[in-house]
Amino acid sequence: MMHIISDETIDYVGILAKLELSKEEKARAKKDMGEMLDYIDRLNELDTTNIEPMTHIFPVENVFREDISSEKDGSRETLANAPESKDGGFLVPKTIV
Amino acid sequence: MSLTALALGKKIKAKEVSVKEAVTEALEAIEKKEERVHSFITVDREGALRRAEEVQKQIDDKTLTGPLAGVPAAVKDNLCTKGLLTTCASDILCNFVPNYSAQAVLNLERAGAVVIGKTNMDEFAMGSTTETSAFGPTKNPWNLSHVPGGSSGGSCAAVAAEECSFALGSDTGGSIRQPSAFCGVVGIKPTYGTVSRYGLIAYGSSLDQIGPIAKDVADCAAVLEIISSHDEKDSTSLARKDLDFTEALKEDVKGLKIGIPRDYFGEGLDPFVREAVLQAAEVLKEKGAVVEEFDLSLVEYAIPAYYVIACAEASSNLARFDGVKYGYRAKDYEGLHQMYKKSRSEGFGPEVKRRIMLGSFVLSSGYYDAYYLKALKTKALIKKAFDAAFAKYDVILGPAAPTTAPLLGESLSDPLKMYLGDIYTVSANLAGLPGISIPCGSDEKGLPIGLQLTGDCFKEKNIIRAAYAFEQTGNYARSPLGRE
Amino acid sequence: MSKRYETVIGLEVHVELATKTKIFCSCSTAFGGAPNAHTCPVCTGMPGALPVLNRQVVEYAVAVGLATNCTITKYCRFDRKNYFYPDNPQNYQISQLYLPICRDGSLEIETTLGKKKIGIHEIHMEEDAGKLVHDEWEDCSIVDYNRSGVPLIEIVSKPDMRSAEEVIACLEKLRLMIQYLGASDCKLNEGSMRADVNLSVREFGAAEFGTRTEMKNLNSFKAIARAIENERTRQIELIEAGKEVVQETRRWDDNKELSYAMRSKEDAKDYRYFPEPDLLPIVISDEWIAEIKRRQPELRTEKMARYIREFGLPEYDADILTGHKKFADIFEAAVAVCKKPKKVSNWIMVETIRLLKENEMDPEELSFSPENLAKLIELADSGAINSTIAKEVFEEIFKNDIDPEAYVKEKGLNTVNDEEELRAAVSRVIEENPQSVTDYRNGKEKAIGFLVGQTMKAMKGKANPEIVNRMLKELL
């Protein structure tokens with residue numbers, strides 16, 4: 001099956017991924033994504049009935065930490081790379097109107 | 001910098017060379033060659049010299065006795081280094097200075113290696129040529145009009161150009177093994193979970209592994225031994241008791257069962273590569289290994305499954321780069337969402353955007369089962385196929401890449417074609433297997449060819465043994481830039 | 001309104017667990033603190049940082065699941081929920097979608113209509129988000145990640161509730177149970193318990209549910225009751241006007257007593273969940289569950305039985321004391337000091353509850369120290385202060401948590417036992433109130449009460465009432 005990626009799809013994925021594409025980039029993205037999906041579709045040739053999806057390779061489980069506090073003030077290091085900060089926090093455009 | 005890391009380490013220990021001399025030699029090589037090869041994004045001259053003094057002291061008072069103490073090393077720029085710029089070769093992290101180091105880097109430092117700089121790479125490790133770097137491409141030290149491969153192209157080129165003794169890279173779909181092949185050096189991707197991923201800026205979390213790149217197998221085994229650890233900060237890090245990889249450096253492959261997948265020698269394989277790899281198999285056979293061909297199956301499904309999983313994970317892993325907490329923030333924007341969009345659109349390069357878009361799409365409502373779950377099921381089948389193969393063989397032998405290094409500027413125009421170049425490497429990542437790439441000849445242009453040996457999970461020693469035995473039959477070839 | 005409508009309500013309750021550290025890193029979960037003080041690379045989404053699960057989170061979640069009769073998912077894991085928002089540093093939240101830790105439970109509530117079972121659809125574990133502070137003067141918000149990564153469980157009920165009364169009964173039941181388990185302090189005002197209300201309306205007898213809305217930002221039981229009534233009316237009005245209810249998330253403004261839709265074209269509500277690759281699955285064995293059960297603290301029914309058995313309290317007292325975890329905590333701590341269980345119980349059941357009502361307060365808001373109550377009981381018992389003064393002092397303890405001994409001393413509230421002083425006062429009262437004296441002498445026994453009162457008043461409440469009584473009788 002040939003995948004034709006619509007403008008709506010590209011716009012929608014752009015909203016999800018928080019990417020704003022120029023007109024040329026959009027055209028390119030539509031073509032690239034369509035071709036990749038055509039290629040990925042060959043996975044449908046495989047019969048995967050009753051196959052468990054494999055998320056982790058090794059059957060390792062129950063990896064925990066104990067509930068012990070590190071007790072140190074991280075504010076200086078946390079903010080060290082902030083593009084903009086104010087009053088000890090990260091500054092962002094107002095989130096409520 | 002013509003010595004191997006272990007040989008240099010020995011001289012430092014014997015006081016024939018001081019740490020400062022070794023580090024200075026590396027820095028001078030960088031100064032001389034960097035303009036042409038561009039292996040580095042950041043060179044930490046002052047830090048390295050300062051560290052050289054500390055290490056020398058510790059060697060002198062015998063608190064540092066390891067084989068790599070005082071040896072200059074380079075680290076791929078997706079590994080966090082405390083106090084040192086870490087960019088992932090992306091504009092979005094152009095000013096990011098972490099206040100923590102990756103566990104693998106800490107392990108290196110604990111062993112006394114001196115980090116001299118951060119190497120170039122494909123942006124966020126997405127690419128096979130190091131051309132997607134926001135800082136411009138790295139060149140292949142064998143022929144400067146060719147790419148070094150990728151994504152750890154900077155690390156491999158730095159080793160081949162003899163700008164450092166060894167380097168660390170990361171491998172999500174072949175990013176250590178393929179550039180090692182293209183640059184004529186040795187690189188290992190260990191079993192998933194062997195080296196802590198803490199501090200490695202994630203691309204595909206379930207696939208990413210850190211590994212060594214060096215001039216020969218012994219160096220690689222020694223570095224891997226040092227960087228491997230069970231790290232409580234990485235839940236997927238394994239508690240292994242068999243990390244003594246240098247124990248496998250024995251020239252003995254008698255009875256070692258080597259399988260060659262017929263499926264690896266079909267269409268698209270460069271005849272020179274085919275010839276060199278099959279010749280290498282002959283050499284191992286002559287040395288007593290049992291070599292036979294077999295059908296691995298499912299080879300053609302590894303790439304589509306890989307790109308679905310890697311891009312899906314990447315779309316989520318790279319969401320944190322949003323201009324709020326660190327890195328690049330767009331200058332003009334109106335409101336929060338535009339700040340996100342502009343910062344990300346201006347900060348990420350085209351290949352990264354392409355993969356984030358694809359990854360977001362395959363996880364989006366209505367497509368999850370068809371793409372993401374299907375890919376995870378394919379991964380399960382591929383793992384099963386390898387389990388069956390490793391029931392019969394100790395090592396799987398094949399090429400690391402279908403061709404030698406392409407010309408600069410040849411690859412990016414057709415992404416799908418570029419992705420197909422990963423055909424021999426991605427399945428090891430899907431199945432968590434260890435793999436090594438070692439030089440096994442060159443093509444008509446003199447570009448190196450890499451032999452890939454893949455082992456079962458936790459069986460690094462099998463591939464190290466086979467690679468070491470093979471390596472003894474030839475001499476390490478130095479790149480023209482390295483020889484300078 | 002021509003038709004009769006039924007309200008259908010389901011709850012999504014977020015509870016912050018009482019762990020010392022965050023769910024995926026060892027930063028403190030303490031409430032407050034300087035902005036971003038309790039942060040590290042993990043809970044601020046720094047590149048390369050990785051999560052490691054806090055074992056205690058699993059144990060609390062299992063404990064709550066067992067207490068709500070859930071089936072514990074033996075093999076569960078985490079998923080990533082992807083959405084961009086500045087309070088979410090990774091721009092994904094680590095949560096559970098596909099295999100939540102607990103499923104299919106229930107809770108019995110009691111309302112004026114009797115007992116009713118409310119179904120629990122699931123309980124899952126997840127991380128809390130940071131806090132956004134909106135600058136009043138400038139067009140910006142400030143992000144503080146202290147709360148980012150604090151462990152939460154989300155309890156999702158079935159749409160089994162039909163009124164605000166049932167919703168509040170359900171929340172109170174949950175809160176009491178979780179507090180007893182020690183899994184959370186469940187403070188609505190501090191946000192350690194937050195309830196989102198899913199509400200739809202339908203005509204009585206209809207088989208299908210109506211379209212529901214989700215109401216957020218409900219910070220008290222009263223706000224919940226108001227929001228439910230408001231939303232029910234809003235939806236009915238829409239339907240009556242021939243309009244449609246839109247499935248959406250709404251934010252309640254309790255000051256204005258209205259809600260508004262939280263809508264944005266930039267929010268696609270497509271969370272692209274997938275299994276979290278950085279965390280491994282959790283396998284919960286029967287042995288582990290048994291261990292969690294064994295370590296469970298004393299629950300309400302056990303506590304009630306013990307109060308009756310150990311302290312000889314009437315069942316009525318034990319029931320009220322254990323009806324709020326706060327009461328039980330104060331009771332036990334005070335008894336440990338003064339060893340007078342019935343007296344402590346009386347102070348809680350009478351004066352404390354009276355003052356709570358008077359001040360429109362929730363027992364959770366009690367802040368006095370049980371030691372001060374114990375001291376007060378000692379003071380009253382030793383005769384150092386009389387009962388009227390004791391009540392006055394208690395009000396001070398209730399409001400300002402004062403030390404009663406110091407307070408009594410400072411204010412000179414000790415009971416006056418001095419016969420000379422009292423005789424002078426009593427004589428004065430007799431002189432000034434001839435009518436009452438005559439009444440008493442004519443057989444009106446009650447008149448003596450008035451005279452006692454007048455004496456107490458003259459002595460500013462500090463007189464020993466027994467002596468005053470005796471003296472009055474003597475002098476009359």
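All heavy atoms count here, side chains included; hydrogens, waters and symmetry mates do not. Letters go in sequence order (proteins before strands), and every chain restarts at 1.
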Exercise for review: Apply side chain to side chain contact (heavy atoms under 4.5 Å, CB included) to B:Leu93 and B:Thr86, showing your working.
Suggested key: CA-CA 7 Å; B:Leu93 280 179; B:Thr86 299; 5.9 Å; no
If every non-hydrogen atom of [X] is compared with every non-hydrogen atom of [Y], which pair is closest and at what distance?
X: B:Gly432; Y: A:Phe58; answer: O-CZ, 4.5 Å
X: B:Pro98; Y: B:Thr81; answer: CG-O, 3.5 Å
X: B:Gly173; Y: B:Asp422; answer: O-CB, 4.1 Å

Top of [options] for chain A proximity - count of heavy-atom pairs under 4.5 angstrom:
options: B:Ile303, B:Asp322, B:Ile356; result: B:Ile303
options: B:Glu346, B:Met339, B:Arg354, B:Lys384; result: B:Arg354
options: B:Ser206, B:Pro415, B:Gly193; result: B:Pro415
options: B:Cys311, B:Ser316, B:Ser360, B:Pro350; result: B:Ser360

Review point. Any idea how B:His337 and B:Tyr340 line up, ring-wise: parallel (<30°), tilted (30 to 60°), or perpendicular (>60°)?
Key: perpendicular
Check your understanding: Parallel, tilted or perpendicular: which describes the rings of B:Phe321 and B:Phe124, with under 30° parallel and over 60° perpendicular?
Key -> tilted
Measuring heavy-atom distances to chain A, does [X] have an atom under 4.5 Å in its side chain, in its backbone, in both, or in neither?
X: B:Leu298; answer: side chain
X: B:Leu420; answer: side chain
X: B:Tyr306; answer: neither
X: B:Lys383; answer: side chain
X: B:Tyr307; answer: side chain
X: B:Met357; answer: both
X: B:Phe348; answer: side chain
X: B:Thr191; answer: side chain
X: B:Tyr419; answer: side chain
X: B:Tyr328; answer: neither

Check your understanding: Mind checking which of residues 228-241 of chain B sit less than 4.5 Å from chain A, heavy atom to heavy atom?
Key -> B:Ser235, B:Leu238
Review point. Does B:Arg329 pair with A:Glu84 as a salt bridge, N-O distance under 4.0 Å?
Key: yes
Review point. Contact part of A:Leu79 toward chain B, heavy-atom cut-off under 4.5 Å: side chain, backbone, both or neither?
Key: neither
**Study point:** Residue part contacting chain B, namely of A:Ala17, when any heavy atom lies under 4.5 Å
**Key:** both
Can a donor-acceptor pair be found between the side chains of [X] and [Y] at a distance below 3.5 Å?
X: B:Ser90; Y: B:Glu123; value: yes
X: B:Thr42; Y: B:Asp77; value: no
X: B:Asp171; Y: B:Asn429; value: yes
X: B:Tyr301; Y: A:Glu45; value: yes

Revision key, fill the gap. Most contact-rich option vs chain B, by heavy-atom pairs under 4.5 angstrom, among A:Val63, A:Val92, A:Asp32, is A:Asp32
Check your understanding: If you count heavy-atom pairs under 4.5 Å with chain B, which of A:Val60, A:Leu46, A:Val13 comes out on top?
Key -> A:Leu46
Exercise for review: Walk me through it: do A:Met36 and B:Leu416 pass the test side chain to side chain contact (heavy atoms under 4.5 Å, CB included)?
Suggested key: CA-CA 7 Å; A:Met36 270 312 277; B:Leu416 183 55; 3.6 Å; yes
**Study point:** A:Arg76 atom CZ, over 12 foreign heavy atoms within 6.0 Å
**Key:** no
Review point. Would you find more than 12 non-hydrogen atoms of other residues, nucleotides or ligands less than 6.0 Å from B:Lys377 atom NZ?
Key: yes
**Study point:** Pairwise side chain to side chain donor-acceptor pair (under 3.5 Å) hits with a residue in residues 47-60 of chain A, at least two apart
**Key:** A:Asp47-A:Thr49, A:Thr48-B:Lys374
